[in-house]
Amino acid sequence: MAEKKGIVHVIDDEPIIHDVLNQLLSSEGYEVVLSSSGEEALEKHSSQFYAVTLLDLLMPGLDGIEVLRGIKRIDPQAVIIIITAYASVESAISAMKMGAYDYIQKPFKHDELLLIIERALEHKSLQDENIRLRDALDRKFAFENIIGRSQPMQRIFELIEATAPTRSTILIQGESGTGKELVARAIHQNSDRRRFPFVVVNSGALPPDLLESHLFGHVKGAFTGAVSQKNGLFETADRGSIFFDEISTVGFETQAKLLRVMQDKEFMRLGGTKTIRVDARIIAATNTDLEELIERKAFRQDLFYRLNVIKIELPPLRERKDDIPLLVKHFIDIYRRENEKEIEGITDDVLEILEDYHWPGNVRELENLIERAVVLSKSKFITRNTLPPFLLDRRPGDRDIAAEEEKVRSFKEQTQHYQRKVILNALRRAKGVQKQAARSLGLKPTTLNEMIKRLQIDVDSLS
Ligand SMILES: Nc1ncnc2c1ncn2[C@@H]1O[C@H](COP(=O)(O)OP(=O)(O)OP(=O)(O)O)[C@@H](O)[C@H]1O
Ligand SMILES: [Mg+2]
């Protein structure tokens, strides 16, 4: 017996066709599943995938076109070959418009049928491969948008990868501009919800009752001005993700409703009586300390526990300064394209100024600054005169948050910090050539290499 080639599902009401096809296809190495009616076929499709489905359009009971539609709804990738009784080619063609792969007329030659099935299988494997590639690409792009090779960012990537495919609620905490929304989108893109909506809720921008009608929708006449029924954001996000930007701005009352939706996965529109079920993954972001708000009774503890199943804490930019050169390069690339400017990079002294700054607005502030510099720049490199004056006026040792922090760091941490800076600068001047950098510092190349490893200096980020 030949090896099994896949399952063919035959849907036909005539027993004789069942017998003939069963024998023919089995002898060719296919596994055969038989259905005598559309109802039976749909039921089988909801519990199993088939390589190819042969569907007779003319059956008593459920109309063939209805069966086709039903199968496509359950499994949009199903490969269906239509069998038409006589020359009712017209309905076969309309079936193809609805996504059938091909059709064959009764009576058919066995070879002819086998050929069509083989072609359908090839088509199916190409299609599967395409979907696989497209998914991989989506995932890759979601990650490529997030720049960072520093250790804290590597941990963030691992967290995203591990938690994205799950259903868990995620709380993203981080200062303004650290990339919370970016990470939320990456989580969505890396989950199997990626084909469904990613809905952003900007609760801070809305008064409480308006927020509720946005979230849950309302029926006609629910309140003055509710002239027609409106679906809420939760419904829009069904099967996708709903992102609560700055969750702390959701009012206390609405928090209770939110908690109920999370628990029951259902809700009612404002003024409505019908229960609506939704399957939306909740991702929330905040730049405030929710636990402190809980103490002040401004945030519900029970909601916090529900949200805080997985917490992703985005480090401020000043705590991962190794990422600055990479981010600068990334944003130069984006904005030189957008502004059609031929800019190749940034001068060392400017980069040094950027690395010295404490970035209270984090990556967003850096991004804005690079955009401005690219727009203002008249040469191939971004130079000092494109920086905002306040950055140039700073003197080393100016009191800023970073400097304050250095005071509380240990002697060892501070000297290591300084060593990394000296080595990074030397490496940069030497365009990443370690031997040359070692010479300029009066070190043996092996010593420099050992220090690079010990201080975890990311040499690749220099290129
Ligand atoms: N690691 C990163 N790599 C590349 N771009 C980033 C990164 N982090 C943030 N950005 C960019 O910085 C800007 C701000 O990011 P985002 O809006 O995600 O921050 P946020 O934490 O949501 O800020 P806020 O709290 O102010 O809403 C965006 O343009 C984003 O693309
Ligand atoms: Mg944001």
Side-chain angles (χ1 to χ4, degrees), residues 45-49 71-79 99 123-149 153-174 178-203 214-217 231-247 258 261-262 265-267 276-286 306-314 330 334 363:
H45 260 279
S46 38
S47 57
Q48 185 165 9
F49 289 102
I71 293 176
K72 279 283 173 185
R73 206 176 299 134
I74 300 165
D75 175 13
Q77 263 72 53
V79 174
H123 165 81
K124 171 108 179 129
S125 83
L126 270 179
Q127 180 186 281
D128 289 350
E129 175 69 4
N130 263 333
I131 290 172
R132 209 181 51 71
L133 286 175
R134 196 180 54 196
D135 282 1
L137 215 61
D138 278 356
R139 252 179 289 233
K140 185 154 168 261
F141 277 129
F143 270 115
E144 258 175 15
N145 289 333
I146 310 179
I147 304 298
R149 293 207 201 132
M153 284 310 285
Q154 291 303 325
R155 267 200 301 278
I156 301 285
F157 289 135
E158 282 163 21
L159 255 176
I160 295 175
E161 233 169 330
T163 54
T166 69
R167 297 189 45 113
S168 313
T169 302
I170 294 186
L171 180 63
I172 306 172
Q173 198 152 25
T178 44
K180 295 186 292 292
E181 182 162 345
L182 202 61
V183 167
R185 284 181 192 277
I187 289 166
H188 176 75
Q189 278 301 320
N190 282 277
S191 72
D192 49 15
R193 294 171 177 267
R194 74 184 72 92
R195 302 252 166 271
F196 299 96
F198 176 85
V199 173
V200 179
V201 183
N202 258 313
S203 38
H214 267 279
L215 284 178
F216 308 116
N231 289 359
L233 294 175
F234 265 108
E235 273 167 275
T236 312
D238 194 24
R239 301 176 77 182
S241 313
I242 185 163
F243 173 58
F244 283 87
D245 200 2
E246 209 36 74
I247 187 84
L258 209 55
V261 182
M262 290 175 78
K265 300 194 171 56
E266 58 183 36
F267 62 91
I276 298 161
R277 284 201 74 77
V278 281
D279 166 26
R281 183 201 205 158
I282 296 186
I283 307 174
T286 181
R306 268 270 163 178
L307 289 172
N308 197 30
V309 179
I310 292 164
K311 190 197 257 168
I312 297 184
E313 288 190 77
L314 289 180
H330 173 70
I334 291 178
V363 183

Checklist entry - Going through the distances and angles, do Arg132 and Glu129 end up as a salt bridge (Lys or Arg N to Asp or Glu O under 4.0 Å)? => result CA-CA 5 Å; Arg132 209 181 51 71; Glu129 175 69 4; 3.1 Å; yes
Item to check | Test side chain to side chain donor-acceptor pair (under 3.5 Å) applied to Gln127 - qualifying residues, sequence neighbours left out | outcome: His123
Item to check | Side-chain donor or acceptor of Arg185 paired with backbone N/O of Leu182 under 3.5 Å | outcome: no
Next on the checklist: So, using side chain to side chain donor-acceptor pair (under 3.5 Å) as the criterion, who are the partners of Arg239 when residues are at least two apart?
Outcome noted: none
Checklist entry - Hey, does the side chain of Lys311 reach the backbone of Ile170 with a donor-acceptor pair shorter than 3.5 angstrom? => result no
Item to check | Donor-acceptor pair, side chain of Lys180 and main chain of Leu314, under 3.5 angstrom | outcome: no
Item to check | Any donor-acceptor N or O pair under 3.5 Å, side chains Arg281, Thr166 | outcome: yes
Checklist entry - So Arg167 and Asp279, salt bridge (Lys or Arg N to Asp or Glu O under 4.0 Å) or not? Walk me through it. => result CA-CA 10 Å; Arg167 297 189 45 113; Asp279 166 26; 3.2 Å; yes
Checklist outcome for this item: Hits for side chain to side chain donor-acceptor pair (under 3.5 Å) against Glu235, two or more places apart or cross-chain, chain-then-number order -> Arg269
Checklist outcome for this item: Looking only at heavy atoms, the pair that brings Lys72 and Gln77 closest together is NZ-C, 4.5 Å
Next on the checklist: Which label fits Phe216 and Phe267: parallel for a plane angle under 30°, tilted from 30 to 60°, or perpendicular past 60°?
Outcome noted: tilted
Item to check | Any donor-acceptor N or O pair under 3.5 Å, side chains Glu246, Thr286 | outcome: yes
